Chemist: 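Before we start, here is the structure in question, set down as C-alpha cells.
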Amino acid sequence: MLNVRKSDIAMSMIILLVLAVMFVPIPSQLLDILLVVNIAIGVLMMVYIISIKDPMEFSSFPTVLLMVTLMRLSVNVSSTRQILLNAFAGDVIEAFGAFVAGGNYLVGLVIFAIIVVINFKVITKGSGRIAEVAARFTLDSLPGKQMSIDADLNQGIIDEKEALARRAKLMAETDFYGAMDGASKFVSGDAIAGLIIIVINIVAGFAIGMSQKGMTAGAALSRYTILTIGDGLVSQIPALVISTGAGILVTRAAGSGDLGSNVSGQLFHRPRPLIMTGAMMLLTGLVPGLPFIPFALIGVTCIGGGYALRRNREPGESEAALPAGRAPAGRLDAGPPAGDRALAPPKPVEPTAKAYKNIINVSALEVKIGFGLITLVDRQQGGHLIDRIGNVRNQIAEELGMVMPPVNVQDDMLLKSNEYRVLVRGLEVARNYVSPGFLMAIDPTGEMTVDGATAVRDPSFGFKAYWIPENRRGVMEARGFTLVDPAGVITTHLATLVKTYAAELLTRQDVSDLIEQVKKDNAAVVEELIPHKLEVGAVHRVLQELLKEQVAIRDLPVILETLADHATQTKDIGLLTELARNALGGKISQAYVSPEGTLKAIGLHPNLEQLLKESGSAIGSTTSLRMDPSIAREVLDSLGTALDSAREAGGAPVLLASPSVRRLARQLAQCDFKHLPVLSLGEVPSWVNVDIINLISAPARSFAVAK
C-alpha cells in the first residue's frame, strides 16, 4: 500500500513538472536533456510494444500516450520560447536542424513536411481507424464471448474462478480498445499542433530577427527556419516512433509470442515462397535496362535462405507426418497421470484368469475415436480430451448425484479419421464427427448463415452449426455464434448422453455404495428401510425411475426416508417413485421456473385425467398405461399443437398433471416427446405462479369407447 501511494505521489509530481515546463523558462542545457528523454521514451514504448505477447499487457498505453504527448508539447513550447527570445534553443535542436536540412532551409522544410504527412495521414490515420473498428468489433462481440465463457463453464472446462477472470479480462479488453479509439486523437492533435507551431516560429522569428535582432531578411529567414525545423524534427521523431508503436499495438492479433517470433514464424516458416521470390528477383534483374547486381544479390539471398530453411525442416516434417497415419505404438495405452487412471484405456494383460475376467466384462461407458482424433487425447501434443472427461464426471456428480462410471477412450480402426462413437454397455448410442483445428460455431437462433461453410448439427442439442477456422473466432463471436472446440463438442455430447442413459449406467453396486455413504450420517433411516422394508434392488429401481426423467438423487437421505415411510403400504415402484418426487418437491420444478417465479405449463383437462386413470393397469409391481392407440394418437396430436404454439410464442412449457396420474401422463407423452418435463401439482411450491397456457382434453369419442 505504501509503494502504491508513493507511485501516485511521484506520478502527480511528474505531471505538475511537465505542466510547469510550459510556463517556466528553462536553460538550454536542461532543454537538451528533456528532448533526449522525450526521444528515449518513444523508443522505449515501441520496443516494449514489439516484445509483448498480448496487447492487454500494455493496457495503460492510452494514459501513457496522453502524458507523453503532453510532455512533448510542453518541451515544444519551451523550445519555442528559447528560439524566439535568443535565436538559440540548445545543441540538440541546432544539430538536428543543420544535419537534416544540410544548410538549406527549403530542403529542411520539405523533409519536415514529409515526416508530418507520414505521421499524420498514414500511421496516425490508419491506427485511429483500426482502433475505431477494433473498439466496435470488441463491443459487438461481447455477448458472443460471454456466451462462450458460459458454455465452457457449463461444460466443466473451466471453474467459476477462471470464468470470473475471463469475464474481467473481457471487460478490460473492451475498455482498452475503447480508450485506444480516443487515444489516437492525441497523436493526430499533436501532429496538427506541430504544424501550427512551425508556422508561428518561422513567421514570428522572421519578424523578431528583422525588427529586434537587426538581421537581414535572408539571414532571419534562414536562422529561424533552421531552428524551427530542428525543433519540429526533435518533436516529430518521437511522435512518429510512438505512433508506429500505437499502430503495432492495435494491429496485433492474438498470438502466443512476441511480434518478432510471430512474424518470423509465419512469414519465413515455409521455404517455397522464399525460393520463388528469389527466382522472380533474378528474372527481373535480366530485364534490359535494370541494374542486375542488386536484383541478383537479393535473389540469391532469398533462394539460399529458402533452401537452408528446407534442410532444417526435413527432420521435423517426417515427425509431424506421424499423426496422419497409424499412431505410434502405445500412444493411447501409455495412460494419463495417476489422478486420471480411471479414464485411461485398459492396458494389455496376459491371458490369465484376470484377463478372462476383463474380456467378459463390458465397459459401462466407452468413447471410440478415429486416428485423426488421437491428438485430442495425447497430452504431449496438447490434447486435453481426457481432462475434459474428468470435468464431465464432476459435473454429472453435482447435477444428478450419481457417480459416472470410468470412460474407456480407445482408437478404432473401423471409424473414419475424424469420427467418434459412444457406447453404453457395449451398445452404440451415438456417432458423430469433429474437425480438429476448427471450431464449431453454434447458431442458437437457426437463422444465420456462414459463407463457405456447410451447415451441420450440434450433436448435443441439435442446433444448426458450422465448422470454421480458428482465425475467424472474433468475427463469429461478434455475430453471436457460440464457439466450441472439438474436445468440447465431444465432452458436451458425452455429458448429454450420460444424462439420457443415467438410469442404465447406475448399477446396483453403485446404489449399495451410495447407501453406505448415507449410512455414515443417517444410520437410522438406512437400518429401518434395508432390508426390513425394501431390498437394495427395489431402491435401485426407484432411483433409476428418477434418473430416467433426470431428477437428481443427490438428496438420497430424503428419498430413503420417503421410501421407509410408505414401503409398508405399497411395493409399486411407480407409486414409490411418485412419492419420492413429491418429497423432493421444489428441487425438481425449480429448473423450469422463470426468474420472475412463473411456471408456464400445459394442463390436463379433468376428463383426460379421468381417462388416464381408467387406462392404467397394474402389471407386476408397477402400473402401466393401456390406452386405445387411436385415442392416444389424438391426445398426442393435441399436445404437439399446444407445444408448437407455445414455442412460437417464445415459451418452453412443462406438462402439468395431478399427482395421481402424473406417471401415466409421462408414459403417454414420452411416446412422441421424450424430453418434455412432466410435473405434478405436488411438486410445485406454493410461491410459484403457475401459468396454464393451454389445456388438453380427451377426445369426445373416448367416453363412448369407455362406456
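Bear in mind the structure is a predicted one, so any value in this text is a computation, not a measurement. Scope of the values below: all heavy atoms of this structure, side chains included, with no hydrogens, waters or symmetry mates.
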Chemist: Under the side-chain hydrogen bond (donor to acceptor under 3.5 Å, both in side chains) test, which residues partner Asp443, sequence neighbours left out?
Modeler: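 Expected list: Thr445.
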
Chemist: Quick one: do the Ser697 and Asn607 side chains pair a donor with an acceptor below 3.5 Å?
Modeler: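 Looking only at side-chain atoms, Asn607 and Ser697 do not form any donor-acceptor pair under 3.5 Å.
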
Chemist: So Leu681 and Leu656, do their side chains get closer than 4.5 Å, heavy atoms only?
Modeler: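 With C-beta onward as the side chain, the pair touches.
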
Chemist: Given Leu505, which partner from the list Ile396, Thr500, Val424, Leu547 fulfils the side chain to side chain contact (heavy atoms under 4.5 Å, CB included) test?
Modeler: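 One option only clears the test, and that one is Val424.
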
Chemist: Tell me, please, which residues at least two apart from Lys464 pass salt bridge (Lys or Arg N to Asp or Glu O under 4.0 Å).
Modeler: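 Result, salt bridge (Lys or Arg N to Asp or Glu O under 4.0 Å) vs Lys464: none returned.
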
Chemist: Report yes or no: does His540 contribute a side-chain atom to a donor-acceptor pair with the main-chain N or O of Leu506 at less than 3.5 Å?
Modeler: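 Yes, His540 side chain to Leu506 backbone: donor-acceptor pair under 3.5 Å.
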
Chemist: Distance check, rounded to the nearest 0.5 Å: Asn689 atom CG versus Thr598 atom OG1?
Modeler: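 The OG1 atom of Thr598 is 4.5 Å from CG of Asn689, to the nearest 0.5 Å.
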
Chemist: Identify the two heavy atoms, one from Pro653 and one from Leu643, that lie closest to each other, and give their separation to 0.1 Å.
Modeler: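 Residues Pro653 and Leu643, closest heavy atoms: CG-CD2, 4.0 Å.
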
Chemist: Is the shortest heavy-atom distance from the side chain of Phe371 to the side chain of Met413 under 4.5 Å?
Modeler: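 They are in side-chain contact.
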
Chemist: Once salt bridge (Lys or Arg N to Asp or Glu O under 4.0 Å) is applied, do any residues pair with Glu609, and if so which ones, sequence neighbours excluded?
Modeler: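 With neighbours one apart ignored, the set is empty.
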
Chemist: Any donor-acceptor pair under 3.5 Å linking the side-chain atoms of Thr641 with those of Asp644?
Modeler: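 Judged by distance alone, the side chains do not pair up.
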
Chemist: What heavy-atom pair brings Gln670 and Gln667 nearest, and what distance separates the two atoms?
Modeler: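 It is CG-O, 3.4 Å.
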
Chemist: According to salt bridge (charged side-chain N to carboxylate O under 4.0 Å, His left out), does anything in residues 591-604 pair up with another residue at least two apart or in another chain? List the pairs.
Modeler: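 For residues 591-604: Lys600-Asp691.
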
Chemist: Using salt bridge (Lys or Arg N to Asp or Glu O under 4.0 Å) as the criterion, list what pairs up with Asp513, not counting sequence neighbours.
Modeler: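 Counting only residues at least two positions away or on another chain, Asp513 forms no salt bridge (Lys or Arg N to Asp or Glu O under 4.0 Å).
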
Chemist: With no hydrogens and no angle check, do the side chains of Asp628 and Ser630 hold a donor and an acceptor under 3.5 Å apart?
Modeler: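 Yes, a side-chain donor-acceptor pair sits under 3.5 Å.
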
Chemist: Is there a side-chain contact (heavy atoms from CB on, under 4.5 Å) between Arg473 and Leu483? Walk through the geometry before answering.
Modeler: CA-CA 8 Å; Arg473 175 189 290 270; Leu483 303 183; 3.5 Å; yes

Chemist: Could you tabulate the donor-acceptor pairs under 3.5 Å formed by side-chain atoms of residues 555-566, not counting sequence neighbours?
Modeler:
residue: Asp555; atom: OD2; partner: Lys587; partner atom: NZ; Å: 2.3
residue: Thr562; atom: OG1; partner: Val558; partner atom: O; Å: 2.9
residue: His566; atom: ND1; partner: Thr562; partner atom: O; Å: 3.0

Chemist: Can you measure from CD (Glu419) to CG (Leu414) and round to the nearest 0.5 angstrom?
Modeler: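 These two atoms lie 10.0 Å from each other.
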
Chemist: Can you see which heavy atom on Ala657 is nearest to which on Ala665, and at what distance?
Modeler: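 In terms of heavy atoms, the two residues are closest at CB-CB, 4.4 Å.
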
Chemist: Between Ile389 and Thr491, is any pair of side-chain heavy atoms under 4.5 Å apart?
Modeler: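 The answer is yes, as the side chains (C-beta and beyond) meet within the 4.5 Å cut-off.
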
Chemist: Give the minimum heavy-atom separation between Ala502 and Leu400, together with the two atoms involved.
Modeler: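 Nearest pair, atom of Ala502 first, then Leu400: CB-CD1, 4.0 Å.
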
Chemist: Restricting to non-hydrogen atoms, name the atom on Val434 and the atom on Trp467 that form the minimum distance, rounded to 0.1 Å.
Modeler: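 Where Val434 meets Trp467 most closely, the heavy atoms are CA-CZ2, 3.5 Å.
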
Chemist: Can you measure from CG (Leu639) to CG (Asp672) and round to the nearest 0.5 angstrom?
Modeler: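 Here the interatomic distance stands at 8.5 Å.
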
Chemist: With salt bridge (Lys or Arg N to Asp or Glu O under 4.0 Å) as the criterion, how do Glu549 and Arg662 come out once you've worked through the C-alpha distance, each side chain's angles and the decisive distance to 0.1 Å?
Modeler: CA-CA 12 Å; Glu549 299 186 56; Arg662 191 213 71 87; 2.8 Å; yes

Chemist: Assess the residue pair Leu612 and Leu604 against the criterion (side-chain contact (heavy atoms from CB on, under 4.5 Å)); give the C-alpha distance rounded to whole Å, side-chain angles, the decisive distance to 0.1 Å, and a yes or no.
Modeler: CA-CA 10 Å; Leu612 290 171; Leu604 301 183; 3.9 Å; yes

Chemist: Could I get the full list of salt bridge (Lys or Arg N to Asp or Glu O under 4.0 Å) partners for Arg425, not counting sequence neighbours?
Modeler: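 Expected list: none.
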
Chemist: Look at the aromatic rings of His493 and Tyr420 and report parallel, tilted or perpendicular, splitting at 30° and 60°.
Modeler: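 The rings of His493 and Tyr420 stand perpendicular, inter-plane angle above 60°.
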
Chemist: Can you find a pair of side-chain heavy atoms, one from His384 and one from Asp485, that are under 4.5 Å apart?
Modeler: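 Sidechains of Asp485 and His384: in contact.
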
Chemist: Could you state the interatomic distance from CG (Leu543) to CG (Asp510), rounded to the nearest 0.5 Å?
Modeler: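 Answer rounded to 0.5 Å: 10.5 Å.
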
Chemist: Let me confirm one number: the CG-CZ distance from Leu546 to Arg541, rounded to the nearest 0.5 Å.
Modeler: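 Spacing of CG (Leu546) from CZ (Arg541) equals 13.0 Å.
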
Chemist: Nearest 0.5 Å please: distance from the CE atom of Met440 over to the OG1 atom of Thr492.
Modeler: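 Rounded to the nearest 0.5 Å, the CE-OG1 separation comes to 10.0 Å.
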
Chemist: For Glu683 and Arg581: C-alpha separation, side-chain torsions, deciding distance, then whether salt bridge (Lys or Arg N to Asp or Glu O under 4.0 Å) applies.
Modeler: CA-CA 7 Å; Glu683 298 164 6; Arg581 288 179 62 101; 2.7 Å; yes

Chemist: Please report the C-alpha distance between Val684 and Leu599 in whole Å, then the side-chain angles of each, then the deciding distance to 0.1 Å, and finally whether the side-chain contact (heavy atoms from CB on, under 4.5 Å) criterion is met.
Modeler: CA-CA 9 Å; Val684 182; Leu599 176 67; 3.9 Å; yes

Chemist: Could I get the full list of side-chain hydrogen bond (donor to acceptor under 3.5 Å, both in side chains) partners for Glu504, not counting sequence neighbours?
Modeler: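 Glu504 satisfies side-chain hydrogen bond (donor to acceptor under 3.5 Å, both in side chains) with no residue once adjacent residues are dropped.
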
Chemist: Between Arg666 and Glu545, is there a salt bridge with N-O shorter than 4.0 Å?
Modeler: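 No, Glu545 and Arg666 are not salt-bridged.
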
Chemist: If only atom types and distance count, is the side chain of Thr570 paired as donor or acceptor with the main-chain N or O of Asp572 below 3.5 Å?
Modeler: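 Looks like yes, one N/O pair under 3.5 Å.
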
Chemist: Between Val511 and Glu516, does the side-chain contact (heavy atoms from CB on, under 4.5 Å) criterion hold? Intermediate values first, please.
Modeler: CA-CA 9 Å; Val511 175; Glu516 289 299 320; over 6 Å; no

Chemist: State which residues pass side chain to side chain contact (heavy atoms under 4.5 Å, CB included) with Val403; sequence neighbours excluded, sorted by chain then number.
Modeler: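 Partners of Val403 under the side chain to side chain contact (heavy atoms under 4.5 Å, CB included) test: Arg393.
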
Chemist: Hey, are the side chains of Pro486 and Ser435 touching, using non-hydrogen atoms and a 4.5 Å cut-off?
Modeler: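 Pro486 vs Ser435: side chains apart.
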
Chemist: Tell me the closest heavy-atom pair linking Leu415 and Arg421, and the distance in Å.
Modeler: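 Of all heavy-atom pairs spanning Leu415 and Arg421, the closest is CD2-CD, 3.8 Å.
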
Chemist: Under 3.5 Å, is there a donor on one side chain and an acceptor on the other for Lys499 and Gln550?
Modeler: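 No, Gln550 and Lys499 have no side-chain donor paired with an acceptor closer than 3.5 Å.
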
Chemist: By side-chain hydrogen bond (donor to acceptor under 3.5 Å, both in side chains), which residues pair with Lys533, not counting sequence neighbours?
Modeler: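 Applying side-chain hydrogen bond (donor to acceptor under 3.5 Å, both in side chains) to Lys533 gives Glu528.
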
Chemist: Residues in side chain to side chain contact (heavy atoms under 4.5 Å, CB included) with Ala591, at least two apart?
Modeler: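 Residues passing side chain to side chain contact (heavy atoms under 4.5 Å, CB included) with Ala591: none at all.
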
Chemist: Any side-chain heavy-atom pair from Leu365 and Leu494 closer than 4.5 angstrom?
Modeler: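 They are in side-chain contact.
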
Chemist: How would you list, by chain and number, every residue that makes a side-chain hydrogen bond (donor to acceptor under 3.5 Å, both in side chains) with Gln610, sequence neighbours excluded?
Modeler: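 For Gln610, the residues satisfying side-chain hydrogen bond (donor to acceptor under 3.5 Å, both in side chains) (neighbours in sequence not counted) are Glu614.
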
Chemist: Check whether any side-chain heavy atom of Leu679 lies under 4.5 Å from a side-chain heavy atom of Ile588, and answer yes or no.
Modeler: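 Result yes, sub-4.5 Å side-chain heavy-atom pair found.
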
Chemist: Output yes when Glu366 and Lys368 qualify as a salt bridge under the 4.0 Å nitrogen-oxygen rule, no when they do not.
Modeler: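 Looking at Lys368 together with Glu366, the answer is yes, because their closest N to O distance falls below 4.0 Å.
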
Chemist: Could you tell me whether the side chain of Ser660 reaches within less than 4.5 Å of the side chain of Lys613, counting heavy atoms only?
Modeler: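 Yes. Closest side-chain heavy atoms under 4.5 Å.
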
